[in-house]
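Here is the structure we will look at.
Proteins get letters first, then strands, A, B, ... in listed order; numbering begins at 1 in each.
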Amino acid sequence: MPDKIKFTIDGKECLAEPGQTIYEAARANGVYIPVLCHYEGLKPVGSCRICSVRVNGRWMASCTQPVTEGMVIENAVPEVEEFRKAIIEMLLVEGNHFCPTCEKSGNCELQALAYRYQIMVPQFPYLFPKREIEAFPGFLLEHNRCIQCQRCVRAIQTRDGQKIFTMKNRSKDVRVNVDRKLAAKMSEDQIQKAMDICPVGAILKKEVGFRLPIGKRKYDHRPIGSEIEEKK
Amino acid sequence: MSKPVIATASLAGCFGCHMSFLDIDERILELVELVEFDKSPIDDLKKFTRPVDIGLIEGGCCNVENVEVLRYFRKNCRILVSVGECAVMGGLPAMRNTIPLKECLEEAYLNSLTVAPEDRLIPNDEELPLLLDRVYPCHEIVRIDYFLPGCPPSADLIWEALTALIQGRPMKLDYPLIKYD
Ligand code: SF4
Ligand code: SF4
């Protein structure tokens, strides 16, 4: 068995398995680092940057960066937390997030992070961009709420490995693109999986909605990340 | 010492935030002890009668009258609070912000299936306040000091914010108090 790796997060001494990313190792040590584009079991892409930490003074995406011996990691320090807060605020103003109308409200990871960071109002002006809603046989794609995390792109494939969701365009025009033919063949379970894996209310299964009443939803009572912090 | 004076207004909102305010239930008896009301739909005072300590604004600005009232509040209130999603970010009325105003009006008054042919007319009376090109969050029109999100914000959040401001202490924002829906 290879030796465990020693590192610290905000002064707390931790141990990691070789090959673990900072995010995974932190989690195993009961330290929560927020993620949005990352999802357990998917290959990390490090695109949203919400999981940024400072290592020996340098900024790194903790979902892609492996832990190495002796790393000194800053996580819940004001500068890092302010940076994350700014990302959440940018995501909120960049799309059209009318939470009171949104089926994902209460179960949405973006909203849950905004709650955790106690965002009363974003520091940036709302852009109110013009975005489309696309309809497919079994689901809707709400571009107003998509944060381009690419979870759907990575997680949802046909049985022979074809991607149903892909990304198109660049920069501020980047959008999720759905293969209509393949989407028409998606099973109910696969659509449900896509909806569950989407951190926001961008993929919505048709003919169901608002299934969980207010008070029973995932983030109604406890902040996102509590389950990790309670482990230690 | 005289009591702090508060005032409230509903701009482009649905009065839900005012209803939520009344949801403080029996604490309303405490409120009467704590503050005095000036201009507000609650007492129907149309004009300010004195300088106000705390102004609570429900709703964003969708027309010129909203802007006027908001500026009037800013002038007369020491502390101004955006209460609810509409005041904070435009809320549901701002769903029209991605559609040009002309198209909105044509859809509502000319083309919609529910408009009877003889009623096809875009209202244009000088009594009606002019609509703005889009709906504006209050802080894009005047300076706002505090923000209470929620649709509506819970009575508990409004109560906590109000009592904190009256007592000059920091707000204690327990997790369940901050909600956007
Ligand atoms: S996706 Fe999340 S943040 Fe966006 S409107 Fe829905 S609940 Fe709100
Ligand atoms: S649809 Fe959802 S999962 Fe896919 S990129 Fe957009 S936010 Fe991410």
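- A distance of 11.5 Å separates CG of B/N97 from NZ of A/K130, quoted to the nearest 0.5 Å.
- Taking each heavy atom of B/M89 and A/H97 in turn, the nearest pair found is CE-O, 3.6 Å.
- Of the listed residues (A/N96, A/D220, A/L92), the one with the most heavy-atom contacts under 4.5 Å to chain B is A/D220.
- Using a 4.5 Å cut-off on side-chain heavy atoms (C-beta onward), B/Y180 and A/I119 make contact.
- One distance of note links CG of A/N144 with CE of B/M95; it measures 7.5 Å at 0.5 Å rounding.
- More than 12 heavy atoms of other residues, nucleotides or ligands sit less than 6.0 Å from atom CE of A/M90.
- Taken to the nearest 0.5 Å, the CG atom of B/D181 stands 14.0 Å off from the NZ atom of A/K104.
- Of the listed residues B/S82, B/G90, B/G91, the one with more heavy-atom pairs under 4.5 angstrom with chain A than any other is B/G91.
- Chain B forms the most heavy-atom pairs under 4.5 Å with one residue out of A/A114, A/C102, A/G106, and that residue is A/A114.
- The side-chain heavy atoms of B/I178 and A/M120, taken from C-beta on, include a pair separated by under 4.5 Å.
- Scanning both residues, A/V121 and B/H139, for their nearest heavy atoms gives CG2-CE1, 3.7 Å.
- At distances below 3.5 Å, not a single donor-acceptor pair connects side-chain atoms of B/Y175 with backbone N or O atoms of A/Y115.
- Within the 4.5 Å cutoff, the side chain of B/K179 has no heavy atoms near those of the A/I214 side chain.
- Interface remark: A/R131 contributes no atoms to any contact with chain B (heavy atom separation under 4.5 Å).
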